[in-house]
Amino acid sequence: MARRKKIYEGKAKTLFEGPEPGTLVQYFKDDATAFNAEKRDVIDGKGVLNNRLSEFFMTGLANIGVPTHFIKRLNMREQLIKSVEIVPLEVIVRNFAAGSFSKRMGVEEGTPMPRPIVEFSYKDDALGDPMVPEEYIIAFGWASQQDLDDIISLALRVNDYLSGVLYGVGIKLVDFKIEIGRIYEGDFPRLIVADEISPDSCRLWDIETGRKLDKDVFRQDLGDLADAYTEVAKRLGVMPSNVTHTPKPTLIN
Ligand code: C5P
C-alpha cells in the first residue's frame, strides 16, 4: 500500500494529504514542547485527548455559526480538516493576566482584564513568535485591515463560547491562542478558525481550587499533564469517566 503523503510536521501535530482535494488529515502526537521547544517530552495519551477536545470545541463553535476547519474525527488521533492558507499570526485572547502578559506588564497572575484583550504574535519559531502591532500586520501584508477586524470578531466569539462552556464545568478560561486560516469559496476568501483548540493552547484554571489544567502543568513541572487534560475532558463529558489516558496495554505474565 502506498504511504500517504506528509504535508507538514509541527511540534504537536502532523498534517497528511486528505482523501479529497481541499482536505487534510490532522494527526495529534503525544509530543509536548514549551519555551520554543527548549523543553520537550512525550506524554502518553496527550494526542488522543487533544484530538477529542479540539473536536468538541470546534463542533460547538460550528453549532453557533463560527466557521472552523474541522470536518470530522477519523479515529483516536486523527481528524479530517479543510486545507487552509494559514495567516501567519497567533491570535491570543486574554481574560485574566498570566504568562507573558504578567511578565511583560508586571501584573499579578489572575488579575482580571478590564475587557478581553486580543493581541497578535508573528508565527516564527526562529524569532520566538514576537508580539506584533496591527501596523506591522497590515504593512507587511500578513492580513488586511478588514481581515484583522474579522479576526478580532472571530476571536471574541470563540472567547465567549469557550468561556461559557468551561465556566459551566467549573473552569476559568484565563487566556488562549487560536490560528486563523483562509479558504476560497469561488473567488472569495473567507477566514475560519484552524489548527486546534485544546489545553495545549489555553490556560484553564479550576474555579474552586485554582488548579492548573493546561500546558502550564508541563511548563512549570506541576504534575501529570495527561491527568490534567483528562480532568478537562471528563468534566466536558468528552470521554467516559471510566476511561483513563493510559494507552499502553499491560503485559500480564
Ligand atoms: O505565553 P503567553 O502568555 O503569551 O500565552 C498566551 C496563551 O497562548 C496561552 O494560553 C498559551 O498556551 C497560548 N500560546 C500557544 N502557543 C504559543 C504561544 C502561546 O498556544 N506559541
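In listed order, ligands and their atoms are each counted from 1.
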**Request:** Would you check if Phe120 and Ile152 make a side-chain contact, meaning some heavy-atom pair closer than 4.5 Å?
**Result:** yes
**Item:** Short N-O contact, Arg203 and Asp175, less than 4.0 angstrom
**Value:** yes
**Asked** Any Lys/Arg nitrogen of Asp221 or Lys39 sitting under 4.0 Å from an Asp/Glu carboxylate oxygen of the other?
**Response** yes
**Complete:** Under 4.0 Å from ligand 1, residues with heavy atoms, in chain and number order, are Glu90, Ile92, Arg94, Ala98, Gly99, Ser100, Asp129, Asp175, Phe176, Lys177, Asp200, Ser201, Cys202, Arg203, Arg219
**Prompt:** Ignoring hydrogens and geometry, is there a side-chain-to-backbone donor-acceptor pair from Asp30 to Val42 under 3.5 Å?
**Reply:**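 No: the side chain of Asp30 does not pair with the backbone of Val42.
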**Message:** Determine whether a donor-acceptor pair (N or O, by modelled atom type, separation under 3.5 Å) exists between the side chain of Arg4 and the backbone of Phe16.
**Reply:**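 No, the answer is negative, given that no donor and acceptor are paired below the 3.5 Å cut-off.
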**Request:** Count the heavy atoms of every other residue, nucleotide or ligand shown that sit under 6.0 Å from CZ of Phe35, and state whether that count exceeds 12.
**Result:** yes
